[in-house]
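First comes the structure, then the notes that go with it.
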Amino acid sequence: MKHKKLGLALAAGLLSTTMMAQQIPQLTANNIDEVLAAMTIEEKAQLLVGGGNPGFVGSGAMLGHQKKIVAGAAGTTVAIPRLGIPATVVADGPAGVHIDAHRDGTDQTFFATGFPVGTCLASTWNTALVEQVGRAIGNETLEYGVDVILGPGMNLHRNPLCGRNFEYYSEDPVVTGLIGTAMVQGIQSQGVGVSAKHYAVNSQESDRTRVDERVSQRALRELYLKGFEMMTRRSQPWTLMSAYNKINGTYAQGSKDLLTTVLRDEWGFKGIVMTDWIGKRKDLPVAQEVTAGNDLMMPGYPAQAQEIIDDVKAGRVDIKDVDRNVRNMLEYIVRTPRFKGYKFSNKPDLKAHAEITRQSSTEGMVLLKNTGGTLPIRHLKTVALFGVNSYDFLSGGLGSGCVNVPYVVDMVTGLKNVGVSTTPQLTEIYQNYVKYAKAKLKADKNPMMWFLDQGQPKLDEIEISERCAATEAKLADAAIITIGRQAGEGMDRQIEGEFNLTDNEKKMIFRVSDIFRAAGKPVIVIINSGSVMETASWRDRADAILVAWQPGEEGGNSVADVLTGKANPSGHLTMTWPIAATDHPSTKNFAPQYDMYTYRTMEDWGAGNIPGVDFCNHEEDIYVGYRYFDTFRRQVAYPFGYGLSYTTFAFANPSVRVKGNNVEVSITVKNTGSVAGKEVAQVYVQAPKGAYEKPAKELKAFAKTRELKPGESETLKMVIEKRDLASFDEAGSQWKADAGTYVFKFGASVEDIRATSSLKLDGYTEKVNNVLASQQPLNLLKQ
């Protein structure tokens, strides 16, 4: 009898357990509300805080780096097995998937393709090509078991000294918005997501976690938010990443005005917002971040989850805000490959993607100078190859924007692959120096300089004597000099030695130029940099100058394709190249000339009033980049939109007409030269004089031709929304365009206008919320 009763009790217990299990919902795309209702407050808090990052120790390791699930990825979300909620994986990668190339316990490698940096891709002005690159990045994201790639970088080039400009696209929000849209659409077409960053006004790297970016509402709306807005409305990114910095006194990560009112209510964003990688801030309660609309705290610490729990129980956080964020997270999770059980291969087609890299990088390279048809070099057999970066070519930048690539093609290899040899003694000198310099850098490395383990640090240039240059001139048909520049996360660039040439670089260019040109042999300079540098003091010493940017792993091959004419350069600058860094009005208010590792006293840190450290006043206001140089008629080295070709083009038949809420524009571009090539048509608009001070003209649209044969034409058609012609009226909290005659200027650069057309337009008004106003007086630049 005893045994019978025990059996009945066990059966009843098993039945009860089975019934309870059946009552616990398992997450699907159709039962999110049911799962949300079944979650405990502890589970909700866990889901809003990342999976943790044991390698994250203070400001020296902002990247994030974890071994769980996908080694080297930036972070994970938390799994809740009870409810069928898996962990998801996010990885860095504006220029390709940033994961570990080697893993414990296997000989298999996990290299990812190094694609061109953001400045190079944007300089193609080819949205279809950028979307193709995005598809390749998205495919590698998928096949390496990652759910979200942390990119693209959507911040503006406010100043040429920003260390992270290489990740970003332009000083212009329209270029940023349209190129960013193409990248997001390409990546997300593969069933993975992006996290567009850093929202918003992440304009400097020095003290980026604490600086207050003080900016007018107008400049904020028209410039710093506009690219994000265009990209968000047009491509609906899965996630956005909130920036470290403050905007007008409030941390971006705790700004409800920024993360909810503008992003969700005005723009219609449906995804999740995750923080940039930082721990719990002393001066920003987790409760404020949750309420503001930050759905995911990254990389995630248990203390943050506990604080959410405590705040809900104490009434400091409304459970409705928590539930809203949790719902956003669940809606994100059910979209991911990991939730859908995708069987990733860990073997993307790296060979095919290398071809895409090679094509996209050549199209983004910008030919600045080409005296007397120096390029292409059709008959050269041997060149003297100067500059350390000819032999240690930089494929990408430092920090989270780098990629662990299988190889980087240097200039020696790239030239060899097209039948051009390099002089043996000079090549041996440099190659031996590179080996020595890399070994010494590793031995001397400051352990705080974490970014030196994330990408290729730049090696110091060596001195080239007159005797060396004279010897090489006897052996070579031409001189090619590569000038490299490196930058990255957590540090801004210096003017001396980074924006400007170093003493050794100046001596090298001048000595090589004097000797080779005296011998009737050309001097070609390759700029291997993701950012702008000074050229005015030395460009007359070169016969040709090609900006190769940091073009990805196929760099040497890509440069050789352009030098030899296999590819006709069609890139155009997406930022102004000034004569001096100080010509930018923002420079006087930019971060001081030190990096985040410079020693400061505790008194300095606590003062709260150090310009460029505690705050940065955007006194240039709307006059960023060409908007300043064009309006105030300041001379530049190379203007926004500039780029040469091996052929010539003519613009004709400009057309502008209104259709509904849009303005349709078109222009016919004809190849008037002798070789095939592509051209970019840039549409600038001059607004009628009205109630608002306006730049002389502003870019509103662009398009690029297909490859046109000599004599061939193509009519490019573009659409401009009327709202994009409006200025932001702070007094009325509205977008407003005055009625009147608008002049549409079609050009090959902001200074090279080829055709114009005018159109009378009615006024336009669109009310928005009065948010994000400056809390401090700003001495704004005026005409």
Side-chain angles (χ1 to χ4, degrees), residues 24-25 27 32 35-58 61-69 73-90 147-148 150 195 209 239-242 244 251-256 259-260 271-334 336 338-339:
I24 298 174
L27 181 65
I32 287 174
V35 170
L36 179 60
M39 295 178 76
T40 65
I41 182 58
E42 289 78 14
E43 289 169 334
K44 292 176 180 179
Q46 287 171 2
L47 197 62
L48 300 185
V49 176
N53 195 335
F56 183 98
V57 283
M62 293 298 184
L63 288 176
H65 187 279
Q66 54 90 42
K67 295 289 185 182
K68 295 184 295 183
I69 308 179
T76 65
T77 60
V78 170
I80 305 177
R82 184 180 78 90
L83 297 167
I85 300 172
T88 66
V89 179
V90 301
D147 299 284
V148 168
L150 303 180
S195 188
T209 63
T239 93
L240 255 69
M241 182 189 294
S242 54
Y244 288 127
Y251 280 113
Q253 295 176 343
S255 174
K256 188 173 184 178
L259 304 183
T260 299
I272 66 167
V273 175
M274 66 175 71
T275 67
D276 204 340
W277 267 230
I278 197 165
K280 183 181 178 302
R281 296 178 183 269
K282 293 181 180 179
D283 53 348
L284 178 60
V286 172
Q288 184 178 337
E289 295 180 270
V290 171
T291 303
N294 247 312
D295 303 297
L296 179 61
M297 314 295 164
M298 294 299 278
Y301 291 90
Q304 291 173 296
Q306 187 59 51
E307 188 169 333
I308 293 172
I309 296 167
D310 295 343
D311 285 344
V312 169
K313 290 179 178 178
R316 291 186 293 266
V317 171
D318 192 330
I319 189 62
K320 292 180 180 178
D321 289 333
V322 171
D323 286 350
R324 175 201 63 206
N325 294 5
V326 171
R327 180 177 286 103
N328 290 339
M329 286 294 298
L330 294 174
E331 288 175 349
Y332 149 71
I333 288 169
V334 299
T336 62
R338 195 162 300 278
F339 177 80

Between the side chain of [X] and the main-chain N/O of [Y], is any donor-acceptor distance below 3.5 Å?
X    : Y    : value
E43  : T40  : yes
N325 : V290 : yes
W277 : A74  : yes
D321 : T291 : no

Is it the case that the side chains of [Y] and [X] hold a donor-acceptor pair, with the cut-off being a distance below 3.5 Å and no angle test?
X    : Y    : value
S242 : N294 : yes
Y251 : D283 : yes
T88  : T77  : yes

Within this structure, what is the [atom1]-[atom2] distance for the pair [X] and [Y], rounded to the nearest 0.5 Å?
X    : Y    : atom1 : atom2 : result
E307 : E289 : CD    : CD    : 8.5 Å
Q253 : L259 : CD    : CG    : 8.5 Å
Q304 : R281 : CD    : CZ    : 10.5 Å
E42  : Q306 : CD    : CD    : 8.0 Å
T239 : D295 : OG1   : CG    : 9.5 Å
I272 : M329 : CD1   : CE    : 4.5 Å

Check: [Y] and [X] side chains under 4.5 Å, non-hydrogen atoms:
X    : Y    : value
L27  : V334 : yes
V90  : S195 : no
V312 : V322 : yes
V148 : Y332 : yes
K44  : I308 : no
M274 : L150 : yes
D276 : M298 : no
R338 : V89  : yes

Can you establish whether the number of heavy atoms outside K313 located under 6.0 Å from its atom NZ is more than 12?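 Incorrect, the count does not exceed 12.
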Apply side chain to side chain contact (heavy atoms under 4.5 Å, CB included) to residues D147 and I333 and explain how you reach the verdict. CA-CA 9 Å; D147 299 284; I333 288 169; over 6 Å; no
Which atom of [X] lies closest to which atom of [Y], heavy atoms considered:
X    : Y    : result
V273 : G293 : CB-O, 3.6 Å
A305 : A45  : O-CB, 3.5 Å
G254 : L284 : CA-CD1, 4.0 Å

What's the verdict on side chain to side chain contact (heavy atoms under 4.5 Å, CB included) for T209 and I278, showing C-alpha distance, side-chain angles and the deciding distance? CA-CA 9 Å; T209 63; I278 197 165; 4.2 Å; yes
Full working for salt bridge (Lys or Arg N to Asp or Glu O under 4.0 Å) between D323 and K320: CA-CA 5 Å; D323 286 350; K320 292 180 180 178; over 6 Å; no
